[in-house]
Each structure stands twice: as C-alpha cells, then as structure tokens.
Amino acid sequence: MILWVRHGQSTWNVLDRLQGHELSPPLTDLGREQAAAAAESLADRRVVHILSSPAVRALETATIIGDRLDLEVQTEPLLLEKGLEETMTSVLVRVQQILERDLPDDTVVVSHGDTIGLAVGLLSGQRPELPDNGSITSVDPETRRISVTGPPLTAAEGHP
C-alpha cells in the first residue's frame, strides 16, 4: 500500500501562491514540524521505500521522514506538479505510471496536493480532495477505504 504524504507547509503556501512546477519554495518552520509529525506517525509502520517529487518542499519533507526512518529518499520526476501547464488527465497518466510500478508494500510517496488528491480518487473511486499539508493518506486496495493520518499541525495551534 502506498502512503501518500503531502509536503509540509511551504513559504508559498503561506502566501496562497500557486507553486506549480517551481522547485524552490522551501518549507516554513511549521512545514518542518508537519514533516517531523508525519515521520513520527510513520515510525511504527514497516516503511521500506520513499519516493519524492524533486521540488524542494517535497524533498525537504521526504528527507525529514527518511532521516527518522533511516531510509534513503529516491526522487521521482513523475511526482512533480506542473500547475496550470497540465490537465487533470495528464496528472492521472503520471499517477498511473507510478501505480503500475512494482513498489514494495508501505512505500511512502511525498508529493503535492493535486497529485495526491487525484491518486487517492483514482484508487478509491471517490471524488478527489486536496489533502492537508503534512498529512498521510492511504487507500486500502481491497476495500478502497481511505485513511488519513493527522491532523497536521496548524497555525491555529499556536504555530506561526
């Protein structure tokens, strides 16, 4: 089962700015806390593999998780969101290419909201929804039931 992790909050998420294929927006302090919380949630799982979008915000999140789980992070260009430059169909094609791989059970995939939302929709048969920053989403392959781990840390909890 793939464990889909949306990257932690980035500096551009705070500004409500579309990031698209832009690689550079890094995580905020809150984003790093969200990544650390996700890593802790994954610590009791038998994660053996981590794939990440090459975007800095996703790679930072994946590295925090990989450090906690003592796993190397493999970057995967198919996981990079491309914003307004691509259609929903092209995102689904990229997601399908990931799903067709022979990935080990409990693989963590760190990516972006739209990519994860569409992947979960494809796997579950339900309407795609945008996951929260730092959340972990999985879909049971037999029941197609969605499970979301969180809630992630938010600014409302006293974090800037």
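Bear in mind that the values here come from a model prediction, so they are computed numbers and not experimental data. The first residue of the sequence shown is numbered 1, and numbering continues consecutively from there.
Ion pair Arg94/Glu76 not flagged as a salt bridge, since none of the NZ, NE, NH1 or NH2 atoms sits closer than 4.0 Å to an Asp/Glu carboxylate oxygen.
Here the closest heavy-atom approach between residue Ala62 and residue Val73 is recorded as O-CG2, 3.4 Å. In plain terms, the two heavy atoms of Gly66 and Ile50 that are nearest each other are CA-CD1, 3.5 Å. The heavy-atom pair separating Ser52 from Leu79 by the smallest distance is C-CD1, 3.8 Å. For the pair Leu69 and Ala43, the tightest heavy-atom approach, listed with the atom from each and the gap, is CD2-CA, 3.6 Å. Annotation for Ile65 and Ala39: closest pair CA-CB, 3.7 Å, computed over non-hydrogen atoms. For the residue pair His49 and Pro104, the shortest heavy atom distance occurs at CB-CG, 3.9 Å.
Side-chain contact check for Glu81 versus Ser53: every heavy-atom pair is 4.5 Å or farther apart. Within the 4.5 Å cutoff, no side-chain heavy atoms of Arg45 are placed close to those of Ile136. The side-chain heavy atoms of Arg32 and Ile64, taken from C-beta on, include a pair separated by under 4.5 Å.
Note that the CZ atom of Arg68 and the OG1 atom of Thr63 stand 15.5 Å from one another [nearest 0.5 Å]. Taking OG of Ser138 as the start and CD1 of Ile146 as the end, the distance is 9.0 Å to the nearest 0.5 Å.
The environment of Glu142 atom CD is sparse: at most 12 non-hydrogen atoms of other residues, nucleotides or ligands sit within 6.0 angstrom.
Although no hydrogens or angles enter the test, the distance criterion places no donor-acceptor pair under 3.5 Å between the side chain of Gln9 and the main chain of Leu30.
Screening Ile98, Leu80, Val109, Val95 for a side-chain contact (heavy atoms from CB on, under 4.5 Å) with Thr115, the sole residue that qualifies is Val95.
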